Amino acid sequence: MNLIKVLFITLGLTLTANAAKAQQKIGNVNTDDIFASLSEVKTISATIDNLTKTKQTEIEKLITDYQTKLKAAQDKEKTLSEANKEAVTKELIAAQTELQTLGKKIEESRAQAAKDISAKQNELFTPLQQKVKAAISAVAKERSLNYVFDTSGQDSNNLIYTDGSEDITAQVKTKLGATATAAKPAGKSK
């Protein structure tokens with residue numbers, strides 16, 4: 001009987017030791033706070049804002065042109081009489097075609113502007129996102145963390161309980177050379 005007890009105790013100690021070895025270290029990071037502290041984000045945002053304003057100005061110019069031509073067509077329509085019916089009708093048909101073409105151009109310009117702005121955002125933000133991801137990985141490895149959760153998301157499925165996890169936001173910001181800003185403390189539950 002004593003041999004069986006010794007085997008169970010030995011087995012229990014082995015399982016406990018293996019469980020302790022297998023314990024995973026978990027950390028969290030607030031990527032919104034990190035991005036807010038990076039000077040590159042301000043530069044990228046200014047570039048995107050300028051591009052957006054330029055595209056908006058181009059579209060507004062087309063809209064103004066459309067409105068001017070529409071008013072001219074409406075004014076021309078008021079001059080319609082039996083004497084000039086044929087000539088004015090031809091002019092109105094031409095104006096209608098021109099207005100339809102301008103309307104399509106406005107819509108195409110809006111769609112192209114959205115594509116251009118999106119492409120520029122991807123072009124500028126992707127390298128920065130990769131840089132932040134690399135810094136998070138480096139800090140996680142330095143701290144021997146097995147998992148790092150992003151606490152900046154609004155989705156409660158990302159992180160339900162953070163008590164006991166290690167927040168590495170400050171270390172990632174330091175690694176990136178970012179300016180320090182006050183981070184919002186993570187709640188114990190969402």
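Predicted, not measured: the structure shown is a model, and the values here were computed from it. FYI, side chains are in, hydrogens and waters are out, and symmetry mates aren't considered; it's all heavy atoms of this structure.
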- Task: Please step through side-chain contact (heavy atoms from CB on, under 4.5 Å) for the pair E40 and F35, ending with a clear verdict.
- Result: CA-CA 9 Å; E40 294 103 309; F35 279 102; over 6 Å; no
Closest heavy-atom pair and its distance - [X], [Y]:
X: I136; Y: V148; result: CG2-CG1, 4.4 Å
X: A113; Y: K55; result: CB-CB, 3.7 Å
X: L145; Y: G27; result: CD1-CA, 4.1 Å
X: K42; Y: A36; result: NZ-O, 3.7 Å
X: L80; Y: K85; result: CD1-CA, 3.7 Å

Tell me whether [Y] is reachable from [X] by hopping between hydrophobic residues (I, L, V, M, F, W, Y) whose side-chain heavy atoms are closer than 4.5 Å.
X: F125; Y: V132; answer: yes
X: L176; Y: L124; answer: yes
X: L70; Y: L92; answer: no
X: I34; Y: F149; answer: no
X: L51; Y: I59; answer: no

Between [X] and [Y] (side chain of the first, backbone of the second, donor and acceptor by atom type, cut-off under 3.5 Å), is there such a pair?
X: T169; Y: N30; result: yes
X: T97; Y: I93; result: yes
X: S118; Y: A114; result: no
X: T126; Y: E123; result: no

- Steps toward side-chain hydrogen bond (donor to acceptor under 3.5 Å, both in side chains) verdict (E60, Q56): CA-CA 6 Å; E60 286 172 2; Q56 186 62 37; 3.2 Å; yes
- Query: Is there a salt bridge (charged side-chain N to carboxylate O under 4.0 Å, His left out) between K71 and D75 once you walk through the steps?
  - Reply: CA-CA 6 Å; K71 176 144 179 29; D75 291 345; 3.3 Å; yes
- Item | E77 atom CD: more than 12 heavy-atom contacts under 6.0 Å | no
- State whether the number of non-hydrogen atoms from other residues, nucleotides or ligands found under 6.0 Å of E86 atom CD is greater than 12. no
- Using the side-chain contact (heavy atoms from CB on, under 4.5 Å) rule, take T79 and V88 through it: C-alpha gap first, then chi angles, then the decisive distance, then the call. CA-CA 8 Å; T79 67; V88 171; 4.2 Å; yes
- Roughly how far, to the nearest 0.5 Å, is the NZ atom of K105 from the CZ atom of R110? 14.0 Å
- Euclidean distance, Q67 CD relative to T64 OG1, rounded to 0.5 Å: 5.5 Å
Does some side-chain heavy atom of [Y] sit less than 4.5 Å from a side-chain heavy atom of [X]?
X: I63; Y: I106; answer: yes
X: E142; Y: Q171; answer: no
X: D33; Y: S152; answer: no

- Message: Evaluate N28 against I168 for side-chain contact (heavy atoms from CB on, under 4.5 Å), listing each step before the verdict.
- Response: CA-CA 6 Å; N28 66 76; I168 63 169; over 6 Å; no
- Candidate pair N84 and S81, rule side-chain hydrogen bond (donor to acceptor under 3.5 Å, both in side chains), full reasoning: CA-CA 6 Å; N84 66 6; S81 66; 3.1 Å; yes
- Message: Apply side-chain contact (heavy atoms from CB on, under 4.5 Å) to residues T57 and T54 and explain how you reach the verdict.
- Response: CA-CA 5 Å; T57 300; T54 300; 5.8 Å; no
- Query: Looking at E58 and K61, does any basic side-chain N land under 4.0 Å from a carboxylate oxygen?
  - Reply: no
